[in-house]
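Some notes on the structure that comes next.
Atoms within a ligand are numbered from 1 in the order they appear, just like the ligands themselves.
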Amino acid sequence: MLKMAIIYHSETGNTRNMAELVAEGAGELVQVILMPVEDLNEDALHEAAVVAFGSPTYYGTMSWQMKKCIDTLPVSMEGKLAGVFASAAWPGGGGYELTEINMIQGLLVRGMLIYSGGVVTGAPPTHFGAVSRKSPEGFDADRCRKLGLNLAKKGIELFGE
Ligand SMILES: Cc1cc2nc3c(=O)[nH]c(=O)nc-3n(C[C@H](O)[C@H](O)[C@H](O)COP(=O)(O)O)c2cc1C
């Protein structure tokens, strides 16, 4: 079965809750492993064809913990499929899309293929990835599940089951 890793940083649980919902969406189709940035599973990461990255927004960008994680990932990410998700306290100005774009920049440089599902795969839209105000509920929770499902579908399309 295709393997997907979900790497996240979370201090107060909001991004972790997003990660669990991304896992719920993807878990219908692929085998998922959740990894906090402080406890990466190198073997599982090596085996994962799809990797999602989630960060809280800190001063309009990803947290330093996520930046350090992306800078120091212990296995080659080249050719793996990636998606992103981010939480923030203040949607509409707080910067969660910037957090996502900043993560995407680093992941592109590492040779990853980026996918969000975009706005063409039905509601709710996942523009750059899934976003949530604080802990995801309702629409925000649906976006997380949908990101997971879309990453799993695209992963199977690219790499097979
Ligand atoms: C140091 C710090 C900086 C933050 N900066 C922002 C910010 O620029 N914009 C925003 O909307 N929220 C900001 N927040 C709020 C967090 O992004 C938000 O509470 C997030 O959901 C926390 O995720 P977590 O529970 O996974 O740790 C900041 C929080 C901290 C601790």
Side-chain angles (χ1 to χ4, degrees), residues 3-28 30-42 44-45 48 50-75 77 80-110 112 114-119 121 123-152 154-155:
K3 291 179 177 150
M4 173 170 166
I6 302 178
I7 298 175
Y8 64 92
H9 168 234
S10 186
E11 294 294 321
T12 56
N14 300 332
T15 315
R16 185 185 65 235
N17 292 344
M18 295 183 79
E20 286 166 355
L21 289 162
V22 174
E24 196 180 304
E28 295 177 26
V30 298
Q31 188 181 320
V32 182
I33 180 165
L34 285 158
M35 301 182 199
V37 286
E38 60 274 14
D39 190 20
L40 294 187
N41 179 327
E42 197 169 327
L45 191 54
V50 184
V51 189
F53 294 82
S55 175
T57 300
Y58 280 5
Y59 298 106
T61 186
M62 74 179 103
S63 66
W64 64 264
Q65 290 90 339
M66 177 52 73
K67 173 72 169 127
K68 181 180 174 191
C69 170
I70 291 174
D71 287 357
T72 58
L73 282 164
V75 304
M77 293 286 120
K80 293 182 190 287
L81 183 68
V84 295
F85 55 98
S87 69
W90 304 104
Y96 48 24
E97 292 99 331
L98 292 172
T99 295
E100 293 187 329
I101 292 296
N102 294 150
M103 285 192 283
I104 286 168
Q105 285 178 341
L107 301 177
L108 283 172
V109 175
R110 296 206 73 122
M112 299 192 81
I114 312 296
Y115 187 63
S116 76
V119 298
T121 53
T126 43
H127 289 73
F128 304 103
V131 289
S132 174
R133 179 182 176 277
K134 295 275 187 174
S135 189
E137 291 173 8
F139 195 74
D140 287 348
D142 289 344
R143 277 198 282 230
C144 294
R145 288 190 201 94
K146 180 160 175 270
L147 177 72
L149 182 62
N150 277 338
L151 280 171
K154 188 56 73 181

Original post:
Taking side chain as C-beta onward, heavy atoms only, is Y58 less than 4.5 Å from K67?
Top reply: no
**OP:** Write down the atom of P56, the atom of H9, and the distance for their closest heavy-atom approach.
**Re:** CD-O, 3.1 Å
Original post:
With a 4.5 Å limit on heavy-atom distance, are the side chains of I6 and L34 in contact?
Top reply: yes
**OP:** Using the side-chain contact (heavy atoms from CB on, under 4.5 Å) rule, take L45 and M77 through it: C-alpha gap first, then chi angles, then the decisive distance, then the call.
**Re:** CA-CA 9 Å; L45 191 54; M77 293 286 120; 3.7 Å; yes
Subject >> side-chain hydrogen bond (donor to acceptor under 3.5 Å, both in side chains) pairs, two or more places apart, involving residues 85-98 >> reply: T15-S87
Original post:
Say you draw a straight line from CD1 of I104 to CD1 of I114; how long is it, rounded to the nearest 0.5 Å?
Top reply: 6.0 Å
Between the protein and ligand 1, are there any N or O atom pairs that come within less than 3.5 Å of each other, and if so, what are their names and distances?
| residue | atom | partner | partner atom | Å |
| --- | --- | --- | --- | --- |
| ligand 1 | 5 (N) | T57 | O | 3.3 |
| ligand 1 | 5 (N) | Y59 | N | 2.9 |
| ligand 1 | 8 (O) | Y59 | N | 3.2 |
| ligand 1 | 8 (O) | G60 | N | 2.9 |
| ligand 1 | 9 (N) | G94 | O | 2.9 |
| ligand 1 | 11 (O) | A89 | N | 3.1 |
| ligand 1 | 11 (O) | W90 | N | 2.9 |
| ligand 1 | 12 (N) | A89 | N | 3.2 |
| ligand 1 | 14 (N) | T57 | O | 3.2 |
| ligand 1 | 17 (O) | T57 | N | 3.3 |
| ligand 1 | 17 (O) | T57 | O | 2.7 |
| ligand 1 | 21 (O) | N14 | ND2 | 2.9 |
| ligand 1 | 21 (O) | S87 | OG | 3.0 |
| ligand 1 | 23 (O) | S87 | OG | 3.4 |
| ligand 1 | 25 (O) | T12 | N | 3.3 |
| ligand 1 | 25 (O) | T12 | OG1 | 2.4 |
| ligand 1 | 25 (O) | G13 | N | 3.1 |
| ligand 1 | 25 (O) | N14 | N | 2.8 |
| ligand 1 | 25 (O) | N14 | ND2 | 3.3 |
| ligand 1 | 26 (O) | S10 | OG | 2.6 |
| ligand 1 | 26 (O) | N14 | N | 3.4 |
| ligand 1 | 26 (O) | T15 | N | 2.8 |
| ligand 1 | 26 (O) | T15 | OG1 | 2.7 |
| ligand 1 | 27 (O) | E11 | N | 2.8 |
| ligand 1 | 27 (O) | T12 | N | 3.0 |
| ligand 1 | 27 (O) | T12 | OG1 | 3.4 |

